[in-house]
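Whatever order the structure lists ligands and atoms in, that order sets their numbers, starting from 1.
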Amino acid sequence: MQVEKVAASRLADADFMNLGFGDVFSDHMVTCKFEEGNWSEPKIGPFEPIPMSPASLALHYGQTVFEGLKAFRGTKDGRVRLFRMDKNADRLQDSCERLCIPVLDRRIFIDAITELVKLDQEWAPSNRGEALYVRPIVIATEGHLAVRPSASYMLVIFTSPVCEYFAQSRSRLYLKAEERFTRAAPGGTGYAKTASNYAVTLRPINDSVNQGYDQILWLDGQSHRFVEEAGQMNIFFRLGETVVTPELGGTILPGVTRDSVLTLLKEQGIPCLERRVLMEELVDAEAAGTLQESFGAGTASVVVPIGRINYLGNDICLPEASNDDLCPALYDQILGIQHGELEDRHQWMTTVDG
Ligand code: COI
């Protein structure tokens, strides 16, 4: 791969003692263009602004997709490892397909990320829970005004040393079950990682944060009675001895952490169900004392406990944290694997050598 290194690294200026989420960017980025029907060879160069026509189709009609994954520094050996890149490669292909973006070969995507993280591996933080977040984006670059797929695209991959997404907020989230606005509808783009899925959430999230909530619990777009996602995370409930999470049906993002949680729970013999979850079921379970726990799961946030959910003006309260809770145990297992402390039984990690 063609590599143009920066003349002077910005690493020494980065404040690793006070990492936030997503405001520091490392030295290099990958670029790869789609022109005249073909994706070019990816290149690595300095992280810098990208030239774009103001008429680019990405800017007005939102023909763009993105991904989010993380690389972690090993606690014991200091080596940097990427978590489940293959899942992000698959999901990027599905998102591209939904947005009429020409699909990029998975191998090219995986190799480009690996090379980039290898080059900027010094940017991977050392603290447990912190990571080098990798953000691939694909944008439609053709300048044109008709609503149609672009003839040209650009893949850009850059990285950012981050803390956990909710590291600064209170430990148990307060969610508002959204009765008015909708994130995704059947037949829409809910399962794809595309900008518009996030843009439509900004106003409702602002409103609910102003009302004292941490995040929104998204409900289905038709009846507003079935649970879909929590903020930018998938959501889990422990009902009695069973863990349930909304089934993927086209409106929910197929989260990599969601899949990892299901794998780890099943491995421990904990019954897990992917099925529709009715809000009234949670109200009844709270009353019956069977609603044991709820947590969100996502790449940026890992797993985060939920303390309360406001539904139709009343709070559904989760029990106080207990030693039997699954969320802290899952957090330790996932981070343990990511930081190379626990055996990587599922070959989820790719070590970046050199
Ligand atoms: C992630 O969890 O990686 C996401 O893409 C969500 C985003 C809000 C940071």
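- Q2 contributes no side-chain N or O that, together with a main-chain N or O of K43, makes up a donor-acceptor pair within less than 3.5 Å.
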field: Chi angles and distances behind the ring-ring contact (aromatic ring centres under 6.0 Å, His included) call for F66, Y198
entry: CA-CA 11 Å; F66 71 98; Y198 295 78; 5.1 Å; yes

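- From the protein, the heavy atom lying nearest to atom 9 (C) of ligand 1 is A300 CB, 3.7 Å.
- A donor-acceptor pair under 3.5 Å is absent between the side-chain atoms of E341 and the main chain of L335, judged by distance alone.
- Within the listing of ligand 1, atoms 8 (C) sit less than 4.0 angstrom from a heavy atom of Y165.
- Shown in contact with T299 at under 4.0 Å from a heavy atom are these atoms of ligand 1, numbered in order with element: 1 (C), 2 (O), 3 (O).
- When hydrogens are left out, the protein atom nearest atom 1 (C) of ligand 1 is Y133 OH, 3.4 Å; that is the closest non-hydrogen contact.
- Look at K193 and you'll find a heavy atom under 4.0 Å from some atom of ligand 1.
- Closest protein heavy atom to atom 7 (C) of ligand 1: R135 NH2, 4.2 Å.
- Salt-bridge formation is not detected for the pair K70/E164: no Lys NZ or Arg NE/NH1/NH2 atom is positioned less than 4.0 Å from an Asp or Glu carboxylate oxygen.
- Remark: R81 fails to qualify as a cation-pi partner of F72 under the 6.0 Å distance and 45° angle criteria applied to the six-membered ring.
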